[in-house]
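Worksheet: the structure to be examined is printed underneath.
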Amino acid sequence: MTQFQGSHILSVNQLNIDAIQEIFAVATRMTPYALRQKRTKVLDGAILGNLFFEPSTRTRISFGCAFNLLGGKVNETVGMETSSLSKGESLYDTARVLSSYSDVIAMRHPQAFSVREFAEGSRVPVINGGDGSNEHPTQALLDLFTIQKELASRGQDISGMHIAMVGDLKYGRTVHSLSRLLCMYKDVTFTLISPKELAMPDYVIDDIENAGHKITITDQLEGNLVQADILYLTRIQEERFPSQEEANKYRGKFRLNHNIYTKNCKSNTVIMHPLPRDSREQANELDNDLNSHPNLAIFRQADNGLLIRMALFALTLGVDSQLEQHECPVIWYSQKASI
Ligand code: CP
């Protein structure tokens with residue numbers, strides 16, 4: 001049994017299948033609270049330090065919203081320039097100070113392994129919201145939770161599935177974390193599609209091969225999607241390139257639209273993307289003409305992020321067994337049909 005209470009969540013490598021299933025079980029119990037069918041004040045009085053030193057829409061807001069939905073309050077720090085990090089303060093000192101003001105901290109930072117360095121100075125649990133091109137463990141958990149649900153609705157399991165990952169596999173941290181989680185399952189087939197220069201790092205390939213999974217590496221999209229159960233698209237991570245000119249070389253290289261999907265994929269292939277998708281004309285890796293396609297799971301992914309982050313707060317703060325004890329009714333009009 002993984003000890004969540006009081007623990008940092010920094011990398012998917014600290015998890016095993018039992019821990020993942022425990023997170024998913026708690027996430028599923030969060031559904032009525034996220035749907036506003038019920039409220040719980042289990043974290044009434046608790047404070048989240050939400051530190052985002054890199055742009056974010058989903059991760060930052062859903063961490064905050066997840067904490068609010070459990071009854072807690074959120075203190076936000078957004079952008080390096082509003083923090084004394086910009087005056088040369090160390091991550092250790094920042095963590096030491098801010099952990100006195102918070103019960104748990106979520107953090108995103110542009111440098112790989114910076115969240116781990118920060119956690120060394122923190123006296124409260126730290127959850128990694130993305131550290132450079134290294135990892136994005138909560139995104140990988142919500143991706144896996146989504147994959148499990150989508151495949152279950154088709155009578156399939158994660159073990160035995162075929163995933164095609166497409167785009168910037170070098171700098172895209174979500175595919176690094178998700179691949180490592182998938183290494184814990186059996187008999188997964190990977191098709192990795194990227195420009196050669198943006199290929200999946202060798203250390204991730206080694207993990208996939210050591211887990212005994214089949215792997216195909218290619219720079220061609222068409223012809224390589226026909227077996228995929230899951231098609232996981234990614235954006236060119238322009239913020240990690242040495243220059244915009246360099247990033248421009250790869251924009252628009254791989255695009256999925258309704259026509260390409262219909263021609264190249266099985267009729268039940270699930271379409272995923274961690275978002276944001278780059279909708280500018282020169283990129284547009286996932287076209288709007290698929291927005292109403294039932295196999296497009298991108299917004300279900302984002303919704304699942306709320307459940308996973310609620311579960312991680314409940315587990316790290318040790319209140320997962322007390323949700324119901326602290327329930328109260330929802331008294332305002334609310335009609336959310338699904339999460
Ligand atoms: N998926 C994801 O990390 O999105 P944001 O950058 O908007 O948080």
Side-chain angles (χ1 to χ4, degrees), residues 9-12 23 27 34 48-69 74 76-80 105-115 118 126-147 149-150 163 165-182 230-241 247 251 256 270-280 283-286 291 296-313 339:
I9 307 286
L10 301 175
S11 165
V12 293
I23 295 166
L48 166 68
N50 210 21
L51 311 182
F52 274 69
F53 300 115
E54 206 181 43
S56 168
T57 294
R58 274 143 294 276
T59 313
R60 180 173 69 85
I61 308 287
S62 68
F63 267 127
C65 187
F67 209 75
N68 291 150
L69 284 167
V74 180
E76 295 254 351
T77 302
V78 176
M80 205 77 81
I105 290 173
M107 178 174 164
R108 171 174 288 187
H109 191 283
Q111 280 164 6
F113 304 105
S114 52
V115 183
F118 179 91
V126 174
I127 304 180
N128 184 355
D131 60 322
S133 56
N134 181 39
E135 277 222 44
H136 196 342
T138 65
Q139 178 71 42
L141 284 165
L142 75 88
D143 287 341
L144 192 69
F145 187 57
T146 305
I147 290 170
K149 289 209 275 192
E150 297 286 328
I163 186 166
M165 294 177 168
V166 181
D168 181 354
L169 307 184
K170 177 181 179 182
Y171 295 119
R173 57 194 170 198
T174 72
V175 288
H176 304 164
S177 294
L178 178 58
S179 297
R180 285 156 153 186
L181 283 185
L182 290 173
I230 303 290
L231 173 51
Y232 191 101
L233 302 160
T234 63
R235 175 180 66 88
I236 300 298
Q237 307 283 302
E238 62 184 21
E239 62 277 29
R240 314 248 176 265
F241 282 73
R251 280 186 228 278
L256 191 79
V270 181
I271 306 164
M272 297 178 64
H273 190 306
L275 302 178
R277 55 178 155 170
D278 186 343
S279 294
R280 289 169 291 190
N284 200 29
E285 70 267 5
L286 175 54
N291 279 359
L296 186 80
I298 59 175
F299 300 116
R300 295 193 284 278
Q301 270 174 276
D303 288 350
N304 286 330
L306 200 53
L307 304 180
I308 291 292
R309 292 179 176 118
M310 289 172 83
L312 291 173
F313 287 135
I339 178 93

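Every number for a ligand or one of its atoms is a count from 1 in the order of the listing.
- Here the side chains of Gln139 and Gln301 are in contact, with some heavy-atom distance below 4.5 Å.
- Scored by the ring pair (Phe, Tyr, Trp, His ring centres under 6.0 Å) test, Phe52 finds no partners at all (sequence neighbours excluded).
- Judged as a ring pair (Phe, Tyr, Trp, His ring centres under 6.0 Å), and not counting sequence neighbours, the contacts of Phe313 are Phe63, Phe67.
- Closer than 4.0 angstrom to ligand 1 by heavy atom are Ser56, Thr57, Arg58, Thr59, Arg108, His136, Gln139, Pro274, Leu275, Pro276, sorted by chain and number.
- Here Arg251 pairs with Glu238, Gln244, Asn248 under the side-chain hydrogen bond (donor to acceptor under 3.5 Å, both in side chains) rule; sequence neighbours left out.
- Arg300 and Thr146 share no donor-acceptor pair across their side chains, judged by distance under 3.5 Å alone.
- Salt-bridge check for Glu239 with Arg108: failed, with every basic side-chain N at 4.0 Å or more from each acidic carboxylate O.
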